[in-house]
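Working notes, beginning with the structure itself.
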Amino acid sequence: MTATGIGASVKRKEDYRFLTGQGSYTDDINRHGQVYAYILRSPHAHAEIAKIDTSAAESAPGVIAIFTGADYDKGGLPAGWQIHSKDGSPMIEPPHLPLCKDRVRHVGDQVALVIAETYAQAKDAAEQIDVTYKELPAIISTADADKPGKPQVWADAKNNTCFDWHLGDKAATDAAFAKAHHVTKIDLVNQRLVPNAMEPRAAVGDYDRATGEYTLYTTSQNPHVIRLLMGAFVLQIPEHKLRVVAPDVGGGFGSKIFHYAEEALVTWAAGKLRRPVKWTAERGESFLTDAQGRDHVSHAELAMDKDGKFLGLRVSTVANMGAYLSTFAPCVPTYLYATLLAGVYTTPAIYAEVKAVFTNTVVVDAYRGAGRPEATYLLERLVDKAAREMKMDRVEIRRKNFIPRDAFPYQTPVALQYDSGDYFATLEAALKASDWAGFESRRADAKKRGKLRGIGISTYIEACGIAPSAVVGSLGARAGLYECGSIRVHPTGSVTVFTGTHSHGQGHETTFSQLVSDTLGIPIENVEVSHGDTNKIPFGMGTYGSRSLAVGGSALVKAMDKIVAKAKRIAAHLMEASVADVEFKNGTFTVAGTDKNVPWGTVALTAYVPHNYPITELEPGLEETAFYDPLNFTYPGGCHICEVEVDPDTGVTQIVNFTAVDDIGRVINPMIVEGQVHGGVAQGIGQALLENCVYDEESGQLLTGSLMDYCMPRADDLPNFKVATQSTMCTHNPLGAKGVGEVGAIGSPPAVINAVLDALSPLGVEDISMPATPLKVWQAIHSASAKVAAE
Amino acid sequence: MHDFGYHRPASAADAAGLLAGKNEAKIVAGGMTLIPTLKQRLAQPSDLIDLGGIAELKGIKVESGGITIGAMTTHADVERSTDVRKTIPALAVLASGIGDPLVRNRGTMGGSVANSDPAADYPAAVLGLGATVRTNKREIKADDFFKGMFETALQDGEIITAIHFPKPEKAGYSKFANPASRYAIVGVFVARTSGGIRVAVTGAGPCAYRSKELEGALSANFTPDAVKAVKLSADGLNSDLHATAEYRAHLISVMASRAVAAAS
Amino acid sequence: MPTVEMTVNGKRASAQVEGRTLLVQFLREKLGLTGTHIGCDTSQCGACVVHIDGRAVKSCTMLAVQANGASVMTIEGLANGEKLHPMQEAFRDNHGLQCGFCTPGMVMTAIDLVKNNPAPSEEEIRHGLEGNICRCTGYHNIVKAVKAGAAAMKG
Ligand SMILES: Cc1cc2nc3c(=O)[nH]c(=O)nc-3n(C[C@H](O)[C@H](O)[C@H](O)COP(=O)(O)OP(=O)(O)OC[C@H]3O[C@@H](n4cnc5c(N)ncnc54)[C@H](O)[C@@H]3O)c2cc1C
Ligand code: FES
Ligand code: FES
């Protein structure tokens, strides 16, 4: 390993600009002649728009135009995934117009677009728009949405049901339950979360009269996907007339995958007004419009034999979609959730039913982990409960049911085939790192200090490296999920890398530079990574589902294979040798068994100055593009262990130790990998202890609509983390990479809750829901001690 | 935010004059409460009178055994003042727990007290220490100052100039912060003074108030256990997403016992 | 419209602004100093932190007119030419940033923290960062960076 090669903790190339305030985020971009958009939003969860009077606002200072649903003449936002119900019928796909026409369906729905010379003027004018609403009753509750007699979000979606889907073998599962020695049952809520990337969404639309080209600068994780969706479906602008740029993006976590109304509106308005139009969300708007995450209500049952071996699993889940279908919403509670219900266990029969419902709330879509945290939380809570009921050790019951090391590739009963893994290795490493064995003495010590100490474990798997196109296509995806990469070797030998993935914190500029510099044997400073601009990058599907290295990196490997193959032919010509004898190592071409060599730079120069060149057989130039479509998902897994101390007087839970040992396949930059795990774990702890998106059940108002009430993890809420990797290689991509972006958020929540329950178990507390806030913990302690007192 | 006229007078008298001369004028001190309110368009003053340029409103003085703190003194200045740390350490502790360091670098004593936010910290100290609020017109006893949620004894156009805190024999403050906003869900200030025990509670009711039960318990026995054992009624206490009234009632006893334990 | 005049990163800056113009808007829109970010509308996140006369403040919760006559330092003013401030350097060395959006505010807060407490403990650092939210890093490396930055600022 060299100081900058694969496996080295190279300091990030992108940091200098961020540390000196020279990042270029969307709101930092200003176009000549730019005007500002403010969006008037619905104050009601559900209402008919009886009348909109914009006359006073139109003559307000600085106003350029006001558009309402009546003015909007283009398409709606499409759903990118089609799910079919059990009975074969397609899901209900309601229209999703960027500006509401006659009805609003959640607080924050777009009612009018106000454009003025300054943002303040646009906002001032919006106050003068007079909208007459006829309020309708709203449905908010996930669990109640499909009950008869509830308010209906969409006339077509009977009982608010979008689809009623299932996966697995019901008969086999029923048979497994019939022979069970014991069945453990659990009811769980996986609460709704607000992603809250620190950079609020923003979009600048521009139109060039001279060329007829539109440009959209937007806070996106996948500019090509936005170009495709907005161009083809919403505004009908052909790709060659539409450029989408996702510049520096301040965090995404899923929420910036989707195509949003505001992107379409500023682009559309820029074309109409012939002026650039900028919109930037205020945080309050982010709360009301960024797709939210999770929101499942589930019941699960686990059948076991007398030794605690899992025989069968039944799961039924209701998943909230919100008021519309966001871009990838339908696949999250289905193919990213139910397919993971085998977990790391050999459970032979699994049957899952998932009902997706509409409610008068903000849309729900993928948020860090997307479906996999929900599956992991359900399984790992269930397994802990099963161990308690079977009077078995929590670790032992897991070991007993792990997929054995030699069983890979392993076909689960829920469609996936795991290629590699070693759950025993990550478990043992985590037990050791967390000093699991020494816990009881720490518990006793805490007790002396008046604290309740608990330890919790979670052994998880996830499926990422999204995704084989043919497979996802057969499951309803309306897009391919390959990735594209280009390598442009310049005449002097330096390289520009073009990737269709997008970095919004992940450090691709560094990781991909390491990969390329190591493979081509050139200094890392001679590599530049370019991403995020549809006019520069041939194509791309973006960054989400922990796919950038496994899929995007593999595309770069393929492109480099092509580069090296061609370069070898040039080198062979220069060295007057046969191509078969040319070897390439550390940036030098040699002829096997001789001392002939040409350096990389000479080959690059020759490619562009082809004076001595096999010109009849080979084109000049040295630039190659590859598309890589993965053969399978990748399957990171691992073990997270959390140790907490609960203050029984206040109900405050403090995390005193957190250990994560993850199998993520090949590691290019350990520093970046650790950072990804830290961030993911912080979000998982946030879900477990702090974060909760709460709507008023009657009015549909978002009660946690600002950072004053929605509790984001802060520095003093979190511990230092112990993280390590213990990898097996992915067997089907050229890097052996699995992915690390989401593991932290997937593995951690059940470890935390299992720890809290372990701490409270001496008091007889058996259940607590996320987030385990001080209030909830205190209430649990309080009612348990009341129960004890009564008995 | 709606636009407004901006004025930066150099003396409290000029500020009072400006305030009287405009019909919808408002004072801005640190702006840590007012500016977010304006940004949300929840208030629409015609003019802002910025007290930031008035030297006479700033500063900390040891005075008749106690401490006098100018209205425009920031929380950070109180937190770091050696005079405060020496004379009433609990006050410095309280100041060091308000919001975050950036808020403390701007937010002021006067602004916090004038605002009477039900979840603010300073009101607990003002009441707990039996302080005197000095204005450009008069002096107001702490016990007469806090009237309700965002309501005080201040009249239109009245400006807090300073607050005088008498030195207690012993005092302590303990706060249970809202995990999201960091304001007080419950804050309890206890003081043993020459005039008796004072216990002031913030966060739990419409404004800071004194707890007779806790004062009684501590008068008998100034120990943490004496208050921890007191079961308070939840009637009339605030209830929200983060804390029910019952939980608050319980926390008051717990915070009171911690404040006693920390008292110095 | 009032005219404001202040020193920003050592240079004089003056412009006409509305009374309601926030300092952060003045910096970003009038002076083009877009390193200072806006992450929220309730004064919670700290993405907007700058130094006013040597004190770290949230520039989203201050009017531009209130900074009249003041000396303002933003993230753009920290480095000495190509040479990063020791705190910036420490953030890079310790991978204390991912997306970079919270970073300017974190760095400005961290410098103020160290000014008041030259050798902060981990707990003091975590408490001192209460007004700065980062969604990416989980703070682990930020805390490490501030500690390293503090040591570097001393020496
Ligand atoms: C993120 C954040 C967290 C916070 N956390 C806490 C916390 O934990 N605990 C806490 O107690 N507070 C907290 N605060 C509030 C903070 O302490 C404020 O500084 C304080 O409440 C108001 O002081 P100010 O100087 O900023 O006043 P301003 O916002 O300028 O003014 C507040 C009100 O008081 C009036 N006023 C100001 N000065 C005077 C005066 N001298 N005479 C008469 N009227 C006056 C103003 O007209 C206005 O109505 C927090 C604020 C923020 C933004
Ligand atoms: S922008 Fe969030 S605190 Fe200033
Ligand atoms: S680095 Fe992204 S918010 Fe902190």
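Side chains are part of it too, since the values below use all heavy atoms of this structure and drop only hydrogens, waters and symmetry mates. First the proteins, then the strands, lettered A, B, ... as listed; each starts at 1.
For B:Q40, the CD atom sits in a packed shell: over 12 heavy atoms of surrounding residues, nucleotides or ligands are nearer than 6.0 Å. Other residues, nucleotides and ligands contribute at most 12 non-hydrogen atoms within 6.0 Å of the CD atom of C:E82. Shown here is B:K61, whose NZ atom has no more than 12 heavy atoms of other residues, nucleotides or ligands within 6.0 Å.
You'll find the side chain of B:Y6 stays beyond 4.5 Å of the side chain of C:R20, heavy atoms only. In this structure the side chain of C:N68 never reaches within 4.5 angstrom of the side chain of B:R8, judged on heavy atoms. Considering only heavy atoms from C-beta on, C:Q66 comes within 4.5 Å of B:D50 through its side chain. Using a 4.5 Å heavy-atom cutoff, the side chains of C:N132 and B:L102 are in contact. With a 4.5 Å cut-off on side-chain heavy atoms, B:L48 and C:V65 do not count as touching. Inter-residue side-chain proximity for C:H127 and B:D100 is flagged as unmet; no heavy-atom pair is nearer than 4.5 Å.
Residues of residues 26-37 of chain B lying within less than 4.5 angstrom of chain C, judged on heavy atoms, are B:V28, B:A29, B:G30, B:G31, B:M32, B:I35, B:P36 in numerical order.
Here CZ of B:R104 is found 7.0 Å from CD of C:E130. Values are rounded to the nearest 0.5 Å. Separating the NZ atom in B:K39 from the OG1 atom in C:T61 is a distance of 4.5 Å, to the nearest 0.5 Å. To the nearest 0.5 Å, atom CE of residue B:M1 and atom CG of residue C:D41 are 11.0 Å apart.
The part of C:V49 that comes within reach of chain B is its side chain, from C-beta onward, which places non-hydrogen atoms under 4.5 angstrom from that chain. Of the atoms belonging to C:L63, heavy atoms from both backbone and side chain fall under 4.5 Å from chain B.
Under the salt bridge (charged side-chain N to carboxylate O under 4.0 Å, His left out) criterion, B:R106 pairs with no residue at all, not counting sequence neighbours.
In terms of non-hydrogen atom pairs under 4.5 Å with chain B, the most contact-rich of C:E18, C:Q44, C:R55 is C:R55.
Side chain of B:N105 to backbone of C:A56: a donor-acceptor contact under 3.5 angstrom is found.
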